[in-house]
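Computed from a predicted structure; not experimentally measured.
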Amino acid sequence: MGIRTGADYIKGVKARNPEVWLRGERITDVYHHPVFNQPIKEMAKLYDMQHNPKYQNDITHICEETGERVNNSFLIPRDGEDLQKRRRVFEVWAEATFGLMGRTPDFLNVVLTSFATNDWFFRQYGEDRYGENIINYYRYIRDNDLFLTHAIVNPQNDRSKSSHEQESEYSHLGVVRETEGGLIVRGSKMLATLAPITDEVIIYSYPSFKPGDEKFAVSFALPIDAPGLKIYCREETQDGKRSTWDHPLASRFEEMDAVLVFDDVLVPWDRVFINQNVEAGNLLYPKTGANLQPSHQSAVRGLAKISFVTDVTCAIADSIGVDGFLNVQNQLSELIQGVETIRALVRTAEREYTITEQGEALPNIVPLETIRGLLPNMYPRAIEILQTIGAGGLLMSPTGADFMNPEISEDMNKYYSGRAGISSEKRVRLFKLAWDLCGEAFGQRLVQYERYYSGDPVRKMGMFYNVHKRNNPSYPRVERALEESLLMSEEYQKSSKELSK
């Protein structure tokens with residue numbers, strides 16, 4: 001089949017019947033539900049871009065294996081040029097959504113591609129069966145251009161205890177029993193972003209298993225409407241009925257998050273990748289590139305997101321004439337320099353790639369992990385600057401209906417204008433754009449999402465330092481500085497003694 005169109009994707013959404021729950025209500029028609037309808041259409045636009053002559057050659061390629069055109073996120077990178085090709089689809093799709101949707105299809109396409117490229121890892125824990133499974137699943141998703149969600153985090157029950165120590169035996173997702181047809185699994189996982197509008201779900205976990213957690217150390221994939229799989233959505237940040245004039249972002253890019261509950265769900269053997277193996281579960285990330293390769297996508301997506309917030313903040317400052325003030329210029333420069341820092345790190349990661357034994361090009365992990373360390377602080381800071389510069393104006397915007405009412409439209413045009421050349425309508429709409437980012441529940445979800453996108457930021461920074469120390473057990477520059485100064489001191493003392501004779 002190759003690349004899908006938006007219509008193909010929507011047809012798939014309509015054909016499925018996942019068990020989706022929102023506000024205590026079972027949603028039986030996801031496509032026509034107001035909370036999900038516009039996000040589905042936004043995803044459809046991404047699929048349509050694959051067929052647009054303006055983008056097609058940049059974001060797709062002809063698969064050597066099938067002869068069909070496929071998305072570049074399925075490309076196994078063999079050199080720096082391939083990494084740049086893959087980056088291009090990250091850029092195009094991130095720009096289409098202003099970087100506000102963190103789980104567009106390219107993200108998990110890259111994860112799955114990394115798994116399939118490193119099928120050797122799965123083979124060593126299940127003879128050849130699990131390796132074949134991951135390759136076949138990769139081909140299935142690639143060739144049908146399907147949309148994946150994932151759930152890789154245990155629910156926040158008692159974080160001081162491991163999975164097998166929880167009060168309820170199956171609070172966390174685990175294997176109940178093995179059958180001739182496959183595994184029977186029970187329990188829950190989160191945070192399945194966009195789950196109601198995807199095609200499939202893939203399950204794996206962060207490397208945190210302990211002895212005794214064997215039945216919880218599993219990885220597999222299923223259709224999103226598999227019998228017994230329940231999708232419990234968080235409260236929506238918008239109801240799907242709000243005006244796009246008043247809410248230009250929240251009305252379009254609601255990215256629903258969900259907890260997945262598996263009620264004795266059958267996982268066929270050909271969809272199993274890891275089966276009750278603590279060692280495999282803990283080594284999955286470091287051995288398959290499942291952490292590194294998608295961090296390239298998330299870095300590019302993060303760059304688009306913080307670039308957009310920077311542009312909005314600069315536009316707000318310009319619209320009311322405060323960008324001539326030195327303190328505001330300093331704040332805007334902080335944002336701009338942050339954007340350029342992320343951009344430079346992305347390019348450095350691509351240029352300083354390495355090749356694995358499997359012939360896979362890996363971007364340099366240090367710049368990408370640096371981005372992951374910067375963004376959880378940089379993005380909330382950007383929102384804070386936007387709030388500070390927008391000030392009280394963010395709280396005082398009228399609605400589109402006010403501008404359309406002839407009784408008060410004259411006052412709207414008179415009292416809400418910006419600097420010379422900025423009409424009232426443009427200024428108000430600009431401030432509403434900003435409010436969606438920095439004031440609405442939609443925007444606050446984006447802040448929290450960025451803070452914890454890669455996990456606990458404190459833990460991640462600790463891990464980053466420990467890896468740095470392991471790779472740098474000594475500090476030659478420090479030793480050289482000490483040695484040279486000591487030699488100079490000895491020479492000085494020797495010279496002083498000779499002069500004193």
### Message
Using 30° and 60° as the class boundaries, would you call the ring planes of Phe107 and His150 parallel, tilted or perpendicular?
### Response
perpendicular
### Message
Please give me the minimum heavy-atom distance between Leu303 and Val339, naming the atom from each residue.
### Response
CD1-O, 3.5 Å
### Neighbour count above 12 (heavy atom, 6.0 Å) for Arg26 CZ
yes
### Task
State whether Phe90 and Arg87 meet the cation-pi test: NZ (Lys) or CZ (Arg) under 6.0 Å from the six-membered ring centroid, and within 45° of the perpendicular axis.
no
### Task
Tell me, please, whether Tyr170 has Arg186 positioned over its six-membered ring: NZ or CZ under 6.0 Å from the ring centre and within 45 degrees of its axis?
yes
### Message
Under a 3.5 Å distance rule, please check whether Glu68 uses its side chain to pair with a backbone N or O of Ile3 as donor and acceptor.
### Response
no
### Query
Only one of Glu91, Glu352, Glu340 clears salt bridge (charged side-chain N to carboxylate O under 4.0 Å, His left out) with Arg347; which?
Glu91
### Message
Quick check on Lys45: does its NZ atom have over 12 non-hydrogen neighbours (other residues, nucleotides or ligands) under 6.0 Å away?
### Response
yes
### Query
Does a sphere of radius 6.0 Å around CZ in Arg159 hold more than 12 heavy atoms from other residues, nucleotides or ligands, not counting ones at 6.0 Å or beyond?
yes
### Full working for ring pair (Phe, Tyr, Trp, His ring centres under 6.0 Å) between Tyr125 and Tyr130
CA-CA 8 Å; Tyr125 294 107; Tyr130 299 146; 9.3 Å; no
### Task
Assign the ring pair Phe147 / Tyr47 to parallel, tilted or perpendicular, where the plane angle (0 to 90°) is split at 30° and 60°.
perpendicular
### Task
Using the ring of Phe74 (Phe, Tyr or Trp, six-membered ring only), decide whether Arg142 places NZ or CZ under 6.0 Å from its centre and within 45 degrees of its axis.
no
### Task
Would you verify whether the NZ or CZ of Lys305 falls within 45 degrees of the ring axis of Tyr379 while also being under 6.0 Å from that six-membered ring's centre?
yes
### Task
Step through the shown structure and confirm whether more than 12 heavy atoms of other residues, nucleotides or ligands are within 6.0 Å of CE on Met461.
no
### Message
What I want to find out is whether Glu254 reaches Arg445 closely enough, with some N-O distance under 4.0 Å, to be called a salt bridge.
### Response
no
### Task
State whether the number of non-hydrogen atoms from other residues, nucleotides or ligands found under 6.0 Å of Tyr206 atom OH is greater than 12.
yes
### Message
On the six-membered ring of Phe121, is Lys287 placed so that its NZ or CZ lies under 6.0 angstrom from the centre and within 45° of the ring axis?
### Response
no
